[in-house]
Colleague: 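Encoded as structure tokens, here's the structure I'll be asking about.
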Amino acid sequence: MNIYSDERLINLGIISGTVGRDFGSARDTKIAHKIFESLGIPPSKILGLKQVHGDKIICINSAKDLEDYQAKEIHEADGWLLSLPQTGVMILTADCVPLYLWSADGKYVSLTHCGWRGVVQELPKKAAEMIKTKTTEKLQAYIGPHIKDCCFEVKEDVASKFPKEVVIQRENKIFVDLDKAIILQLTAAGVDAKEIQTGCHCQCTCCNKKDFFSYRRDGTKDALLSFIYKV
Ligand SMILES: [Zn+2]
């Protein structure tokens with residue numbers, strides 16, 4: 001199983017990453033469960049949400065937060081802030097960005113589903129600011145596999161919602177660099193640029209058909225699993 005993850009998180013003992021397509025589409029709950037079981041994580045400990053391309057983040061920082069979560073059936077949100085041990089969170093993506101953000105001591109970990117709409121709504125910045133209300137530790141980030149500026153062509157209406165420095169004109173087409181847009185937001189929220197890791201163009205979900213699902217390329221609902229589990 002190919003898992004794209006950040007060594008710094010793994011070194012903190014936090015099992016996490018974005019799972020490549022070789023296991024199948026994690027949109028299928030049975031496949032998602034198989035992935036967790038193969039990693040020795042009880043699937044029942046993993047919390048899910050209903051992604052709506054918004055900017056809401058669910059906090060699971062106490063047993064009470066977990067109870068409140070479990071009392072509700074549907075959770076419309078696009079991100080997590082987690083500190084409760086023996087608990088995990090997941091999101092699904094197929095071109096959107098799985099953004100991992102954490103305090104350097106590993107106590108607070110955030111995972112957000114940042115499509116272009118989420119980025120425009122400043123979800124990355126909000127996640128960073130939310131962790132900063134909890135801790136004075138420095139923040140670290142990993143921008144997981146997603147559609148990169150080689151393939152993320154947009155129309156003028158979408159491009160106009162982004163800062164000029166992340167919009168690229170190429171051969172009469174317009175592209176948006178989501179990595180750069182996220183880095184701008186995180187640094188504006190006080191994250192040091194050198195603490196932000198992002199994958200190479202081989203981690204573009206749209207170009208790399210062998211390893212990733214891509215909505216833009218295939219138009220299907222197949223999705224990649226991204227998760228964080230706090231041991
Ligand atoms: Zn590409």
Side-chain angles (χ1 to χ4, degrees), residues 1-7 9 16-28 31-32 35 51 53 78-79 90-101 111-125 127 140-187 191 193-227:
M1 175 165 32
N2 275 333
I3 301 187
Y4 300 81
S5 54
D6 190 295
E7 249 178 40
L9 259 185
S16 56
T18 298
V19 182
R21 67 178 286 175
D22 48 351
F23 236 78
S25 171
R27 180 87 55 194
D28 179 342
I31 287 178
I35 293 171
Q51 296 168 189
H53 292 281
D78 288 272
M90 62 173 273
I91 59 166
L92 296 173
T93 63
D95 290 340
C96 293
V97 181
L99 174 63
Y100 300 80
L101 190 63
L111 176 62
T112 45
H113 158 253
C114 303
W116 71 261
R117 289 181 185 83
V119 176
V120 165
Q121 289 170 81
E122 299 197 309
L123 181 56
K125 186 164 174 237
Q140 300 182 309
Y142 168 55
I143 301 172
H146 64 279
I147 188 166
K148 290 191 173 262
D149 62 314
C150 40
C151 297
F152 190 38
E153 186 187 350
V154 298
K155 299 271 184 268
E156 183 56 48
D157 59 333
V158 172
S160 67
K161 298 181 199 302
F162 284 89
K164 278 195 180 61
E165 57 263 59
V166 310
V167 177
I168 302 158
Q169 307 274 350
R170 206 163 55 221
E171 294 161 9
N172 294 323
K173 293 174 180 172
I174 317 170
F175 298 84
V176 164
D177 184 340
L178 289 173
D179 286 286
K180 200 169 176 185
I182 290 171
I183 291 167
L184 282 178
Q185 288 186 26
L186 294 180
T187 52
V191 183
K194 68 173 190 299
E195 299 293 350
I196 305 169
Q197 299 286 339
T198 185
C200 63
H201 277 88
C202 60
Q203 289 188 20
C204 171
T205 48
C206 191
C207 303
N208 184 344
K209 188 171 183 173
K210 183 171 80 66
D211 294 322
F212 303 117
F213 293 117
S214 165
Y215 180 74
R216 173 70 64 111
R217 184 187 63 228
D218 299 328
T220 66
K221 289 254 173 198
D222 293 340
L224 307 166
L225 173 76
S226 294
F227 71 96

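Worth saying up front: this structure is predicted, and the values here are computed from it rather than measured. Heads up: numbering here begins at 1 and tracks the sequence. Just so you know, ligand 1 is whichever comes first in the structure, and atom 1 is the first atom listed for that ligand.
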Colleague: Decide yes or no on side chain to side chain contact (heavy atoms under 4.5 Å, CB included) for Ile196 and Ile143, but give the supporting numbers first.
Modeller: CA-CA 8 Å; Ile196 305 169; Ile143 301 172; 3.9 Å; yes

Colleague: Checking Lys194 now: which residues fulfil salt bridge (charged side-chain N to carboxylate O under 4.0 Å, His left out) with it, not counting sequence neighbours?
Modeller: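 If we apply the salt bridge (charged side-chain N to carboxylate O under 4.0 Å, His left out) test to Lys194, skipping adjacent residues, the hits are Asp192.
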
Colleague: Any pair with a residue in residues 208-223 that passes salt bridge (Lys or Arg N to Asp or Glu O under 4.0 Å), sequence neighbours left out, goes on the list, sorted by first then second residue, please.
Modeller: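 Residue pairs passing salt bridge (Lys or Arg N to Asp or Glu O under 4.0 Å), neighbours aside: none found.
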
Colleague: Tell me which one of Tyr4, Phe227, Tyr142 satisfies ring-ring contact (aromatic ring centres under 6.0 Å, His included) with Tyr100.
Modeller: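 It is Tyr142, the one option of Tyr4, Phe227, Tyr142 that forms the ring-ring contact (aromatic ring centres under 6.0 Å, His included) with Tyr100.
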
Colleague: What do the steps show when you test His113 against Leu92 for side chain to side chain contact (heavy atoms under 4.5 Å, CB included), and what is the final call?
Modeller: CA-CA 7 Å; His113 158 253; Leu92 296 173; over 6 Å; no

Colleague: Under 2.8 Å from the Zn ion (ligand 1), which protein N, O or S atoms do you find? Ignore water molecules.
Modeller: Cys150 SG, Cys151 SG, Cys204 SG, Cys207 SG

Colleague: For residues 169-179, tabulate all N or O donor-acceptor pairs below 3.5 Å that involve a side-chain atom, not counting sequence neighbours.
Modeller:
unit_1 : atom_1 : unit_2 : atom_2 : d
Arg170 : NH2    : Asp149 : O      : 3.0
Arg170 : NH2    : Cys150 : O      : 3.3
Asp177 : OD1    : Asp179 : N      : 3.1
Asp177 : OD1    : Lys180 : N      : 3.0
Asp179 : OD1    : Lys148 : NZ     : 3.4
Asp179 : OD1    : Thr198 : OG1    : 2.4
Asp179 : OD2    : His146 : NE2    : 3.1
Asp179 : OD2    : Lys148 : NZ     : 3.0

